[in-house]
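First comes the structure, then the notes that go with it.
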Amino acid sequence: MSKSVSGKNSWALFLLLLAGIVLGGFIGELTKGISGLSWLSYGQSFGIENPIILNLGILIITFGFTIKITIASIIGVLIAIFVYRIL
């Protein structure tokens with residue numbers, strides 16, 4: 001296991017950040033239709049819009065990558081960092 005300088009596990013931080021991003025994005029999608037909370041789903045999306053397709057005859061590989069950052073996912077990351085610092 002990889003330990004940081006303070007003795008905490010860096011994998012725990014990674015998993016908490018990932019959970020914060022996923023849960024924040026999920027909450028942002030849920031609140032998209034609610035008038036008072038629709039600001040949580042505001043964000044920007046970037047990445048490869050048209051996927052790259054590699055056709056090798058018997059194998060077709062598709063490459064694509066898109067990231068959507070919303071206010072809710074940023075809040076989720078901040079909460080994950082706060083929880084990590086408490087532990």
Side-chain angles (χ1 to χ4, degrees):
M1 286 283 166
S2 173
K3 298 276 185 180
S4 64
V5 174
S6 65
K8 293 185 179 180
N9 192 346
S10 58
W11 282 106
L13 176 62
F14 175 73
L15 291 176
L16 280 172
L17 288 175
L18 190 60
I21 291 170
V22 170
L23 288 175
F26 180 68
I27 290 171
E29 287 295 317
L30 284 178
T31 60
K32 190 181 286 188
I34 301 172
S35 61
L37 298 174
S38 62
W39 60 273
L40 288 172
S41 65
Y42 178 76
Q44 184 67 33
S45 182
F46 59 93
I48 300 174
E49 293 292 327
N50 298 324
I52 300 167
I53 300 171
L54 177 62
N55 188 349
L56 301 173
I58 59 170
L59 180 67
I60 299 174
I61 302 173
T62 305
F63 298 99
F65 186 75
T66 304
I67 295 176
K68 183 175 182 183
I69 299 175
T70 62
I71 299 295
S73 64
I74 293 171
I75 292 171
V77 166
L78 294 176
I79 291 172
I81 292 171
F82 179 73
V83 167
Y84 179 74
R85 294 188 52 98
I86 287 176
L87 299 176

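Along the sequence shown, residues are numbered consecutively beginning with 1. All figures in this text were calculated on a predicted structure; none of them were measured in a lab. Below, all heavy atoms of this structure are taken into account, side chains as well, without hydrogens, waters or symmetry copies.
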Within 6.0 Å of CD1 in Ile58, more than 12 heavy atoms from elsewhere = no
Nearest heavy atoms of Ser38 and Lys32, plus distance in Å = CB-O, 3.7 Å
Locate the shortest heavy-atom distance separating Leu30 from Ile34; write the atom from each residue and the value.
-> O-CD1, 4.3 Å
Can you tell me which residue pairs pass the ring pair (Phe, Tyr, Trp, His ring centres under 6.0 Å) test with a partner in residues 12-32, sequence neighbours excluded?
-> Trp11-Phe14
Mind checking whether Leu87 and Leu13 sit in one hydrophobic cluster, side chains of I, L, V, M, F, W, Y counted as touching below 4.5 Å?
-> yes
Residue pairs fulfilling salt bridge (charged side-chain N to carboxylate O under 4.0 Å, His left out) with at least one residue in residues 62-71, sequence neighbours excluded | Glu29-Lys68
So the salt bridge (charged side-chain N to carboxylate O under 4.0 Å, His left out) pairs with at least one residue in residues 77-87 (sequence neighbours excluded) are none
Side chain to side chain contact (heavy atoms under 4.5 Å, CB included) filter on Ala19, not counting sequence neighbours, yields none
Just list the side-chain donor-acceptor pairs under 3.5 Å for residues 69-79, sequence neighbours left out, or say none.
from	atom 1	to	atom 2	distance (Å)
Thr70	OG1	Ser73	N	3.2
Thr70	OG1	Ser73	OG	3.4
Ser73	OG	Thr70	N	3.0
Ser73	OG	Thr70	O	2.8

Donor-acceptor contacts under 3.5 Å from residues 46-56 side chains, at least two apart:
from	atom 1	to	atom 2	distance (Å)
Asn55	OD1	Gly57	N	3.0

